[in-house]
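Here is the structure we will look at.
Chain A is the first sequence line, chain B the second, and so forth, proteins listed ahead of strands; every chain is numbered from 1.
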Protein chains: 4
Amino acid sequence: MPESPRTRTSARIQDAAWEIFSERGLPGVTMEAIAIRAGVAKTTVYRRWPTKSAILIDALKERLAPLVKFPQEGTVRDDVVAQIEAVIDLFGSRTGRAYLALIAESVHDPDVGTALRERYIADQREAAILRLRIGIDHGELASRTDPEILIDSLYGALYYRVLVAHVPLDRAYATRLVDSIWPVA
Amino acid sequence: MPESPRTRTSARIQDAAWEIFSERGLPGVTMEAIAIRAGVAKTTVYRRWPTKSAILIDALKERLAPLVKFPQEGTVRDDVVAQIEAVIDLFGSRTGRAYLALIAESVHDPDVGTALRERYIADQREAAILRLRIGIDHGELASRTDPEILIDSLYGALYYRVLVAHVPLDRAYATRLVDSIWPVA
Amino acid sequence: MPESPRTRTSARIQDAAWEIFSERGLPGVTMEAIAIRAGVAKTTVYRRWPTKSAILIDALKERLAPLVKFPQEGTVRDDVVAQIEAVIDLFGSRTGRAYLALIAESVHDPDVGTALRERYIADQREAAILRLRIGIDHGELASRTDPEILIDSLYGALYYRVLVAHVPLDRAYATRLVDSIWPVA
Amino acid sequence: MPESPRTRTSARIQDAAWEIFSERGLPGVTMEAIAIRAGVAKTTVYRRWPTKSAILIDALKERLAPLVKFPQEGTVRDDVVAQIEAVIDLFGSRTGRAYLALIAESVHDPDVGTALRERYIADQREAAILRLRIGIDHGELASRTDPEILIDSLYGALYYRVLVAHVPLDRAYATRLVDSIWPVA
DNA sequence: CATTAATCGAGACGGTACGTCAGGTCTTTCT
DNA sequence: AGAAAGACCTGACGTACCGTCTCGATTAATG
């Protein structure tokens with residue numbers, strides 16, 4: 001791990017962006033404020049990232065692990081419940097709020113959408129679908145199950161409650177959700 | 001219908017906002033641009049709406065009917081499929097894009113969220129849940145069905161594909177979706 | 001004289017520009033610094049003047065009187081000497097330095113040149129030539145005298161010493177100069 | 001003439017500066033642009049000249065000969081007219097414009113003024129004054145003639161028309177000028 | 001001949017200023 | 001009096017150059 005000055009500067013910028021987001025939300029995150037907080041010239045920021053969103057997307061790299069990883073430890077059903085609980089936890093955290101703010105941003109800015117999908121969402125979907133397929137192969141799920149749609153429904157319900165309906169979302173919801181729409185084998 | 005000058009001005013402002021949205025998307029919609037396009041002073045706009053989002057929300061009033069109404073013409077299942085198809089159609093239209101853009105905006109601006117929910121989303125959820133309850137009462141749906149969660153899953157899947165996963169969404173998806181997660185009676 | 005707020009703001013901007021020029025010279029005069037010093041938004045400055053030079057040109061309006069006026073009190077020769085002394089005095093003053101700095105600026109910026117000529121230089125030349133013509137009519141100057149060229153030589157010598165040769169220029173020079181090239185009647 | 005790589009690089013830089021000046025004027029000449037055009041690192045430029053003006057001053061070395069040389073071939077009067085014509089020609093050329101641009105620059109930057117005077121202007125004045133003195137010695141000019149002031153007036157008129165009054169200046173002006181202010185012997 | 005020293009290119013860096021845009025507020029003007 | 005018009009301050013935008021700096025990669029001269 002070389003810890004070059006370049007690396008350090010990039011880290012300072014990402015940290016600054018993250019701090020400002022924590023304090024003032026996405027609208028408060030401006031290139032100007034990031035540069036000042038990081039003790040860096042504005043040009044230096046622009047030299048490395050084209051937009052504030054890009055900085056935050058990078059800053060989320062490690063923190064978004066729970067979104068992407070998918071447990072494979074028990075039955076499919078248990079694993080799915082566990083994963084949904086993890087996502088619910090995430091959505092309740094500051095990291096989750098940042099992630100959701102960027103999702104919102106992606107509606108206006110295609111680049112943000114592309115970056116998010118390439119970095120997190122695509123992997124997440126793949127991991128989830130893969131887990132379901134294994135479940136089907138093991139006979140835990142009906143063979144006629146459409147994994148893609150099951151994922152849409154499960155994750156969709158979460159995003160929907162948080163982004164659209166603004167309805168409370170707690171860990172207990174995970175079981176209720178899975179119980180409700182689980183395809184009987 | 002009085003058609004007072006005040007009414008006319010408000011209409012001009014809403015039309016201007018809508019036109020600009022159509023041409024340049026939500027980021028292009030600024031109070032400044034609206035005022036110019038409507039041929040009106042910026043103060044006049046501010047006197048009637050606090051934000052550009054508020055203008056658009058009002059401008060959507062009539063156009064968002066398909067989101068809110070829920071058919072009650074055939075079996076629950078048929079009605080649900082029909083409604084989902086209507087929403088998919090909406091999401092493909094300019095009106096739908098405006099609506100989704102406002103959903104995104106609501107992540108940063110609580111007022112937008114509140115307005116959207118009070119005006120459209122709450123009614124939509126209620127109408128949907130009501131329809132499902134009738135279905136349960138008629139024995140078309142298992143009595144243990146949780147209507148709220150079913151709605152979360154159905155609508156959620158749509159929003160998820162459009163807002164998050166950016167995956168194609170066509171009318172055919174409606175049947176696939178309902179087939180997949182429909183609770184057997 | 002209404003002393004409207006608009007007038008006051010403009011005065012504050014001009015004063016600020018002038019102060020900064022006095023302290024740091026023309027390169028130190030930036031739109032940014034003017035706005036700050038005047039306690040005014042940068043946009044307000046831009047709304048009224050397109051460039052810093054334009055502000056200074058306006059700020060010189062009253063101060064540049066000695067450049068433009070031409071005495072008509074004694075003989076032509078005495079009046080010419082008096083006027084040249086006035087210009088020499090001017091060149092030694094802060095106002096003169098500002099004026100010369102703008103002359104220099106005009107080499108790069110045609111607008112500055114045009115403004116300076118329309119406001120000051122043209123009038124100055126006219127007044128001078130007029131005075132000489134009167135002298136010719138009164139028989140104080142040879143009838144074959146070319147007033148334009150005489151003015152070029154007299155004023156030219158001053159500008160040349162100050163701008164080009166950087167050679168000392170004091171009041172005594174006025175007499176020496178006139179004595180040297182005065183066309184005998 | 002060794003034509004070392006060092007020499008070649010310096011030449012490339014000067015050429016680049018000159019080309020850019022020709023295309024975009026002095027404001028377009030930036031250290032950055034020079035370095036790029038010369039295919040050289042910015043550091044290399046800075047290592048050899050402190051400012052862009054210094055580069056241009058050096059680049060003018062050979063081209064400014066007509067400003068400095070003074071003919072001594074006919075009568076003083078003829079030589080003076082010839083020299084003034086040469087300067088008028090120069091002022092009409094690209095080289096002249098560069099020279100005048102640097103004169104203007106010298107108002108803000110003392111170093112430029114010093115360099116110009118040490119390299120060109122002082123020599124020019126000396127040569128001119130010398131020529132006049134010879135004329136006085138030969139009885140071609142009145143002994144009471146003040147050569148310095150005569151030079152101020154003659155050259156001054158030219159600079160004045162070009163820099164200040166922005167009045168046309170052609171070869172014919174040379175004779176008119178000399179005829180007007182020539183001190184009768 | 002090998003090593004040292006100088007010089008080069010490349011380009012990142014902290015800065016300053018640019019000129020513009022939009023946000024909201026506040027004053028003036030008119031009806 | 002009450003609405004419309006538009007000037008105003010604020011703050012962020014993204015860009016251009018500034019002059020300094022570190023970093024290897026070449027060259028050149030020296031030991």
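- Regarding C/R8, its CZ atom lies at a distance of 16 Å from the P atom of E/dT27, rounded to whole Å.
- One finds a side-chain N or O of D/R48 lying less than 4.0 angstrom from the OP1 or OP2 phosphate oxygen of E/dC8.
- In this structure, the side chain of D/Y120 engages the main chain of D/I57 through a donor-acceptor pair within 3.5 Å.
- Counting to the nearest Å, the C1' atom of E/dA17 and the CD1 atom of C/I20 are 13 Å from each other.
- Rounded to an integer number of Å, the gap from CZ of A/R37 to P of E/dG14 is 17 Å.
- Across the protein-nucleic acid pair, C/I36 atom CD1 and E/dT16 atom P stand 11 Å apart, rounded to whole Å.
- Not counting sequence neighbours, the partners of C/E32 by the salt bridge (charged side-chain N to carboxylate O under 4.0 Å, His left out) test are C/K42.
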With a cut-off of 3.5 Å and sequence neighbours excluded, list every side-chain donor-acceptor pair involving residues 13-24 of chain B.
{"residue": "B/E19", "atom": "OE1", "partner": "B/R37", "partner atom": "NH1", "Å": "2.7"}
{"residue": "B/S22", "atom": "OG", "partner": "B/W18", "partner atom": "O", "Å": "2.9"}
{"residue": "B/E23", "atom": "OE1", "partner": "B/R37", "partner atom": "NH2", "Å": "2.8"}
{"residue": "B/E23", "atom": "OE2", "partner": "B/R37", "partner atom": "NH1", "Å": "3.2"}

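- Every residue meeting the salt bridge (charged side-chain N to carboxylate O under 4.0 Å, His left out) condition with A/D58, not counting sequence neighbours, appears here in chain and number order: A/R119.
- Look at B/T44 and you won't find any side-chain N or O under 4.0 angstrom from OP1 or OP2 of F/dA3.
- Residue order along DNA chain E, read from the 5' end via each residue's closest nucleotide, puts D/R12 first among A/R12 and D/R12.
- The separation between C/R24 atom CZ and E/dA17 atom C1' is 13 Å, rounded to whole Å.
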Per-nucleotide protein contact string for nucleotides 19-26 of chain E (B base, S sugar-phosphate only, - none; heavy atom under 4.0 Å): BBBBBBBB
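- For C/A41, the side-chain contact (heavy atoms from CB on, under 4.5 Å) partners at least two apart in sequence or on another chain are C/T43, C/T44.
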Residues 101-110 of chain B, side-chain donor-acceptor partners within the protein, below 3.5 Å, at least two apart:
{"residue": "B/S106", "atom": "OG", "partner": "B/I103", "partner atom": "O", "Å": "2.5"}
{"residue": "B/D109", "atom": "OD1", "partner": "B/D111", "partner atom": "N", "Å": "2.9"}

